[in-house]
2 protein chains.
Amino acid sequence: MPTPHYGQPRYRVIADELRRRITNAVIPPGSLLPTESALTAEFRASRGTIRQAIALLRDERLVATEHGRGTYANPDHSHKDSPEEGPQVERRQRQVLADPELAALFAVEVGTTLVEQQDVTRINGAVRAVARVYRLQRASQ
Amino acid sequence: MPTPHYGQPRYRVIADELRRRITNAVIPPGSLLPTESALTAEFRASRGTIRQAIALLRDERLVATEHGRGTYANPDHSHKDSPEEGPQVERRQRQVLADPELAALFAVEVGTTLVEQQDVTRINGAVRAVARVYRLQRASQ
DNA sequence: AGAAATTTGTCCGTATGTATC
DNA sequence: AGATACATACGGACAAATTTC
């Protein structure tokens, strides 16, 4: 068979199927996925395609791969039975003292009080990004 | 042809070199990187290896790829032709080591390499805000 | 408008290196 | 030491989006 990939690419279809099995606990949390060669046989895809699919799940932190061992499902078991889906953001604000780099940027003395706002973005409980925004403290009148 | 990868894998070495050129403006912001086949010739690596290197930079948001067009360096066209007085943003990426606080958030070891993206927003030349976003660096594939 | 060339995207098959058991 | 499994790398083929003529 040539290489037709109308619509969804093969590796995405395979990733979707594996994701379904993991979220439905067909592949239980903490257990090993089938080996790459087993998946190669099951999906009739090449190893490269299987690895592309697994790489997608790895980016979602849905699996974790260990060299020479295998690929584990759901490594972070924050299993509070909370069916969270979309990203969740925690926002926190605090005062910090300007280090030399920030002081130079804001053109203030080192040690000047700055306001730091920190946003922690989580996807499925795993931290995806930490954003910190620094501003000068607002001069009150 | 054998496939030795002593020490650093080739795609990582190539990614490091391309990252250097971009941050040193040897490849100016907004410009196109050499095509995959050109990079194949220059580094004498297969196309797959070149694409692996570029994928790393894409994960760092250091480049952006468009199907049929090419891969752009530093996709942050913040300066248009119009001399606006609005806020101007300078974006910069660098790799930093996780301090204890970030390590705890990302659930990684202290010293793990993170990607930091810093945006400095200026209004009329004065720094108004400094934003730093931290993300995990993609491990492999 | 249309065909050709260019460039990235997907997929395959294979070979070899490296880590774990 | 041997077997198993993932990691890296090569080369070839065709698909799809864009640009060029």
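Basis for what follows: all heavy atoms, side chains included, without hydrogens, waters or symmetry-related copies. Note on naming: letters A, B, ... go to the chains in the order of the sequence lines (proteins, then strands), and numbering restarts at 1 for each one.
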| query | Any salt bridge between B/Arg128 and B/Glu90, counting N to O under 4.0 Å? | reply |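 The answer is no: the pair does not qualify as a salt bridge.
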Spacing between [X] atom [atom1] and [N] atom [atom2], to the nearest angstrom:
X	N	atom1	atom2	answer
A/Arg44	C/dT10	CZ	P	23 Å
A/Ile14	C/dT10	CD1	P	13 Å
B/Arg51	C/dC11	CZ	P	11 Å
B/Gln8	D/dA7	CD	C1'	14 Å
B/Leu39	C/dT8	CG	C1'	12 Å
A/Arg69	C/dT18	CZ	C1'	15 Å
A/Glu36	D/dT8	CD	C1'	12 Å
B/Leu32	C/dT6	CG	P	16 Å

| message | Does D/dT8 have OP1 or OP2 under 4.0 Å away from a side-chain N or O of B/Tyr11? | response |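 Indeed, a polar side-chain atom of B/Tyr11 lies that close.
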| message | Would you say B/Ser37 places a side-chain N or O within less than 4.0 Å of OP1 or OP2 belonging to C/dT6? | response |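 No, no such contact exists.
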| Among D/dA7, C/dC12, C/dT7, the one nearest A/Ala45 by side-chain distance |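 Given the options D/dA7, C/dC12, C/dT7, the side chain of A/Ala45 is closest to C/dC12.
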| field | Closest to side chain of A/Ser46, choosing from D/dG11, C/dT10, C/dG13 | value |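 Between D/dG11, C/dT10, C/dG13, the one nearest the side chain of A/Ser46 would be C/dG13.
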| task | Find the distance between CG (A/Leu33) and CD1 (A/Ile22) and round it off to the nearest 0.5 Å. | result |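 So the gap between those two atoms works out to 5.0 Å.
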| Non-neighbouring partners of B/Arg44 that pass salt bridge (charged side-chain N to carboxylate O under 4.0 Å, His left out), sequence neighbours left out |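 Per chain and number, B/Arg44 pairs via salt bridge (charged side-chain N to carboxylate O under 4.0 Å, His left out) with no residue.
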| field | Set of salt bridge (charged side-chain N to carboxylate O under 4.0 Å, His left out) partners for A/Glu17, sequence neighbours left out | value |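 A/Glu17 satisfies salt bridge (charged side-chain N to carboxylate O under 4.0 Å, His left out) with A/Arg20, A/Arg21 once adjacent residues are dropped.
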| query | Of all residues at least two apart in sequence or in a different chain, which pass the side-chain hydrogen bond (donor to acceptor under 3.5 Å, both in side chains) check with A/Thr23? | reply |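 With neighbours one apart ignored, the set is empty.
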| Base D/dA7 paired with A/His67 side chain (donor-acceptor, <3.5 Å) |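 No, the side chain and the base share no sub-3.5 Å donor-acceptor pair.
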| task | Rounded to 10°, tell me the angle between the two end axes of the helix from C/dG2-D/dC21 to C/dC21-D/dG2, each built from five pairs. | result |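 The value is 10°.
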| task | Under 4.5 Å between side-chain heavy atoms, chaining through other members, with only Ile, Leu, Val, Met, Phe, Trp and Tyr counted: pull out the rest of the cluster around A/Leu102, sorted by chain and number. | result |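 Listed partners: A/Val96, A/Leu105, A/Phe106, A/Val108, A/Leu114, A/Tyr134, A/Leu136, B/Val120, B/Val127, B/Val130.
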| Rest of the hydrophobic cluster containing A/Val13 (Ile/Leu/Val/Met/Phe/Trp/Tyr, side-chain heavy atoms under 4.5 Å)? |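 Same cluster as A/Val13: nobody, lone residue.
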| task | Looking at every strand, decide which applies to B/Gly48 at a 4.0 Å heavy-atom threshold: base, sugar-phosphate, or nothing. | result |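 No contact at all - B/Gly48 keeps every heavy atom at 4.0 Å or more from the nucleic acid.
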| Residue mapping more 5' on DNA chain C - nearest nucleotide basis, A/Arg47 or A/Gly68 |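 Going by which nucleotide is closer to the 5' end, it is A/Arg47.
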